[in-house]
Number of protein chains: 2
Amino acid sequence: MTADPVFAALASPARRELLRLLLEEGAQPAGRLADRFDMSRPSVSEHLKVLKDAGLVAETRRGRERHYRLEAEPLMSVRDWLVPYERFWRGKLAGLRGLLDEMEDDHG
Amino acid sequence: MTADPVFAALASPARRELLRLLLEEGAQPAGRLADRFDMSRPSVSEHLKVLKDAGLVAETRRGRERHYRLEAEPLMSVRDWLVPYERFWRGKLAGLRGLLDEMEDDHG
DNA sequence: ACTATATGTAGGATTTTTCCTACATATCAA
DNA sequence: TTGATATGTAGGAAAAATCCTACATATAGT
């Protein structure tokens, strides 16, 4: 229900890299993913578990391989969380523009 | 240059709550923020430091108070990071819709 | 059945995070 | 100046995250 484990999962660069690989190269078995890392295979497996618990990846067993695929839906809750801050940011830009307009009025 | 410390800062619920307070209630002195937490004031101060190092808040010294205000700009890099995943998500939805259309064709 | 492959789990060492209580610093007010 | 207020920093305990090397499990191929 909360976006909490999603934010926690995204805190690790290794896990964000895993998501990037799955996004750009599609679903892959765990071993092939692990090969890309300067880290032991079991450690990558742990990271995959964190992502899975956060709902960010799903696994499909194919023979003795486990293919992991991206599940982007939980990221949409991050986007939703971001919305009011984006509004705030735009508001600040608008305010700055207003200020610049005033300055132009003063000098022109 | 990297969004790394931003992602790390957002991992903590306490820090996200701080950002929410600053967003919804505007800039406030550290003490007033700390009062809202079930946590010691120095701990809140540490969280503010993490947010500050990530560029997510800025402080303005007013007398003996330090007013913290939201700096939303770094969050925009998170939004940018999110974009390709949003595309992926929409793509999956479109694919699902296509599948549903096919099913309707079959049965109707 | 036996061996090789693919992968998760256990147990533990190391590092990082989180949180606390004391203490230091700076400002305000009388 | 003296005392109260606002806040950061130091030092350390406790918890959590990270990463490793064995080991367990399950499947594939011979």
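By convention in this document, chain letters (A, B, ...) are assigned in the order of the sequence lines, proteins followed by strands, and residues within each chain are numbered from 1. Just so it is clear, the structure is predicted and the values come from calculations on it, not from any experiment.
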Taking only N and O in the side chain of B:S40, is any of them less than 4.0 Å away from OP1 or OP2 of C:dC19?
-> no

Does the side chain of B:S43 get closer than 4.0 angstrom to OP1 or OP2 of C:dT18 through an N or O atom?
-> no

Within residues 46-71 of chain B, those residues having any heavy atom closer than 4.0 Å to DNA chain C are B:H47, B:G63, B:R64

Which of residues 16-28 of chain B have a heavy atom under 4.0 Å from DNA chain C?
-> none

N-O pairing of A:E17 and A:R20 below 4.0 Å = yes

Between A:R36 and A:E25, is the closest basic N to carboxylate O distance under 4.0 Å?
-> yes

Residue whose closest nucleotide on DNA chain C lies nearer the 5' end, B:V44 versus B:R41 | B:V44

For residues B:D4 and A:P13, determine if any side-chain heavy atom of one lies less than 4.5 Å from a side-chain heavy atom of the other.
-> yes

Closest non-hydrogen atoms of A:V6 and A:A54, given as atom of the first, atom of the second and distance, are CG2-O, 3.8 Å

Looking at A:P84 and B:L23, what are the two nearest heavy atoms and their distance?
-> CB-CD2, 3.7 Å

Have a look at B:P29 and say if it touches a base, only the backbone sugar-phosphate, or nothing, with a 4.0 Å heavy-atom cut-off.
-> sugar-phosphate

Within 6.0 Å of CZ in A:R69, more than 12 heavy atoms from elsewhere = yes

N/O donor-acceptor pair under 3.5 Å between B:R15 side chain and B:A9 backbone = yes

Among A:K52, A:R32, A:Q28, A:E59, whose side-chain hydrogen bond (donor to acceptor under 3.5 Å, both in side chains) with A:Y68 holds?
-> A:E59

B:R32 atom CZ is separated from D:dT5 atom C1', nearest whole Å, by 15 Å

Nearest whole angstrom, please: distance from the P of C:dT5 to the CG of A:D35.
-> 14 Å

